[in-house]
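In what follows, a structure is listed as structure tokens, so that the remarks can point back to it.
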Amino acid sequence: MTRTPSAEPTSSALTPSGCPAAVPLSGPGFHTDPQSLYRSMRREHGPVVPVELPGGFPAWLVIGYREVHQVTSDPELFPRDVGLWNQWPHVPADWPLLPMVGQPLPSIYFSAGEEHRRHVRMVVPALEAADPFEIRGHGEQLADRLIDAFCARGTADLVAEFCEPLPVLVLARLVGFPDDEGADIARVLKDLADGGPGAQEAHQRFAGHMARLVAAKRAEPGEDVTSRMLAFPEEFTDEEYMLDLMAITAAGHLTTADWIGNSVRLMLTEGDFADSMARGRRSVADAMTEVLWEDGPTQILAGRWPVRDTRLGEHRIKAGDMLLLGLGAANTDPLIRQGAAGAGAAGQGGSGAHLAFSHGEYRCPFPAQEIAEIIARTGIEVLLDRLPDLELDVPVEELVRRPSAFLRGTTALPVRFSPVPTTGDLL
């Protein structure tokens with residue numbers, strides 16, 4: 001059931017009884033050096049940290065690797081059911097984190113229990129049927145197209161001109177959009193990610209694109225994700241199809257863009273890593289894996305809400321309290337780094353044991369992970385092949401991180417390189 005937000009929170013309702021002093025979940029530390037903050041949190045609070053969200057709303061940030069596993073492995077006690085949040089009566093309608101926390105909706109991302117599993121049964125096979133070779137072909141073609149727009153001038157901002165548009169252009173093709181509409185969706189998602197005054201209008205445009213796509217594919221199916229979803233035998237409403245398509249596209253957009261950007265940043269700013277790549281000892285895949293451990297696009301994920309009072313990390317957690325999954329912090333938990341030979345082998349479970357895609361029933365579906373990996377790896381490989389002398393065009397200290405405790409990306413990545421011909425000039 002959707003809760004109706006009120007206009008004003010009351011401080012007595014926002015402070016859990018007996019809760020230790022909360023850590024504000026904001027500030028420049030999250031943008032510059034979040035791992036230092038996480039180490040301080042561990043020293044003072046252990047693996048579960050009382051935090052305060054903007055607006056004075058309390059939550060618990062789970063930063064222990066084992067505790068994140070515990071929460072995500074028990075969907076009965078800790079469901080992803082935002083309707084359980086005990087602060088809904090105090091949340092204003094214009095609360096800035098509302099789009100990230102969400103409200104109960106009939107979609108794969110904002111539903112729980114059997115309703116969530118019903119959406120998974122439809123969405124996952126539709127994604128799984130996407131041909132990896134076709135995805136790579138789309139990635140190569142669209143990466144070349146983006147690089148052609150700046151390769152002759154010798155400078156670029158890779159975030160704006162490459163990292164951000166590439167994933168959404170590929171995803172738009174996969175769900176069934178023509179390229180010209182994919183370009184507008186890229187602009188819409190950028191407006192949404194910026195969270196500025198145009199975000200609400202962008203959200204409406206985004207929904208409009210998806211509603212038209214559902215209608216078009218119902219009339220004329222094709223070899224795409226939307227058509228496969230519509231062909232699924234269980235009954236869904238047009239709203240459910242639209243919301244699931246929005247979730248697929250939006251969830252895969254900025255995270256994949258930041259995966260590309262953070263990986264390129266690592267290769268351009270870490271001399272040892274760049275040297276080992278030049279000598280053939282490290283690869284693009286190694287850089288991408290290291291980013292998932294050390295600099296993952298999703299640092300904090302909302303959320304889980306316990307159905308009853310419980311204990312976690314020596315704290316008493318009330319029914320309906322918000323639990324935030326500190327994926328970035330959990331990946332650097334010293335308890336799983338003991339004896340690790342290096343970042344790429346971090347954790348006792350090896351390089352695949354990171355939590356960058358979350359864990360448990362609600363983790364990013366494996367086909368979606370595979371699609372994101374193909375897009376990111378293809379984009380980086382094409383970029384390095386086309387611009388082999390790529391280097392940073394500003395001191396590394398001037399690079400600015402995304403102003404969010406939840407997301408980890410670079411707002412701009414200015415680079416320089418020797419101008420090269422477009423692919424058209426090479427034909």
Side-chain angles (χ1 to χ4, degrees), residues 1-16 19 22-27 30 50-61 79-113 115-116 119 185 187-211 237-240 242-247 249-251 253-254 298-307 318-325 362 402-407:
M1 180 177 68
T2 302
R3 310 300 173 89
T4 302
S6 68
E8 296 292 337
T10 59
S11 59
S12 61
L14 302 182
T15 306
C19 177
V23 178
L25 205 63
S26 61
F30 285 101
V51 296
E52 183 180 280
L53 295 169
F57 295 98
W60 300 95
L61 178 61
R80 195 177 69 187
D81 185 352
V82 64
L84 296 173
W85 192 22
N86 54 27
Q87 297 300 317
W88 274 124
H90 318 292
V91 179
D94 60 350
W95 189 47
L97 289 186
L98 197 57
M100 185 168 293
V101 173
Q103 296 188 59
L105 288 171
S107 81
I108 190 171
Y109 196 78
F110 292 118
S111 57
E115 181 63 16
H116 169 74
H119 284 266
I185 293 171
R187 289 188 291 271
V188 165
L189 289 180
K190 177 167 175 42
D191 290 343
L192 278 173
D194 290 343
Q200 188 63 35
E201 189 268 340
H203 186 272
Q204 293 170 356
R205 285 166 53 206
F206 189 27
H209 278 293
M210 294 306 178
T237 66
D238 281 2
E239 180 191 23
E240 289 175 314
M242 178 190 73
L243 290 171
D244 280 350
L245 287 166
M246 291 174 70
T249 310
H253 164 236
L254 196 57
T298 304
Q299 290 287 298
I300 298 174
L301 187 65
R304 300 291 187 272
W305 292 267
V307 297
K318 289 185 177 181
D321 280 358
M322 182 190 292
L323 297 177
L324 300 171
L325 305 180
Y362 299 107
R402 198 178 301 283
S404 171
F406 290 76
L407 305 173

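Only a predicted model underlies this, so the values are computations on that prediction, with no experimental measurement involved.
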Say you draw a straight line from [atom1] of [X] to [atom2] of [Y]; how long is it, rounded to the nearest 0.5 Å?
{"X": "Met246", "Y": "Ile108", "atom1": "CE", "atom2": "CD1", "value": "14.5 Å"}
{"X": "Leu53", "Y": "Trp95", "atom1": "CG", "atom2": "CH2", "value": "5.0 Å"}
{"X": "Leu189", "Y": "His209", "atom1": "CG", "atom2": "NE2", "value": "9.0 Å"}
{"X": "Leu243", "Y": "Thr237", "atom1": "CG", "atom2": "OG1", "value": "7.5 Å"}
{"X": "Leu25", "Y": "Ile300", "atom1": "CG", "atom2": "CD1", "value": "4.5 Å"}
{"X": "Leu245", "Y": "Glu240", "atom1": "CG", "atom2": "CD", "value": "12.0 Å"}

[X] and [Y]: which non-hydrogen atoms are nearest, and at how many Å?
{"X": "Ala250", "Y": "Phe206", "answer": "CB-CE2, 4.0 Å"}
{"X": "Ser111", "Y": "Ser107", "answer": "OG-O, 2.5 Å"}
{"X": "Ala59", "Y": "Leu324", "answer": "CB-CD1, 4.0 Å"}
{"X": "Ala112", "Y": "Arg80", "answer": "CB-O, 3.6 Å"}
{"X": "Arg402", "Y": "Leu407", "answer": "CD-CB, 3.9 Å"}

Is it true that a side-chain atom of Trp88 and a backbone atom of Val82 form a donor plus acceptor pair closer than 3.5 Å?
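The answer is yes, because a donor-acceptor pair under 3.5 Å joins these two groups.
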Less than 4.5 Å apart, side chain to side chain, heavy atoms only: is that true for [X] and [Y]?
{"X": "Leu61", "Y": "Val23", "value": "no"}
{"X": "Asn86", "Y": "Trp305", "value": "no"}
{"X": "Gln299", "Y": "Ser404", "value": "no"}
{"X": "Val91", "Y": "Trp85", "value": "yes"}

Once ring-ring contact (aromatic ring centres under 6.0 Å, His included) is applied, do any residues pair with His116, and if so which ones, sequence neighbours excluded?
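Only Tyr362 meet the ring-ring contact (aromatic ring centres under 6.0 Å, His included) criterion with His116.
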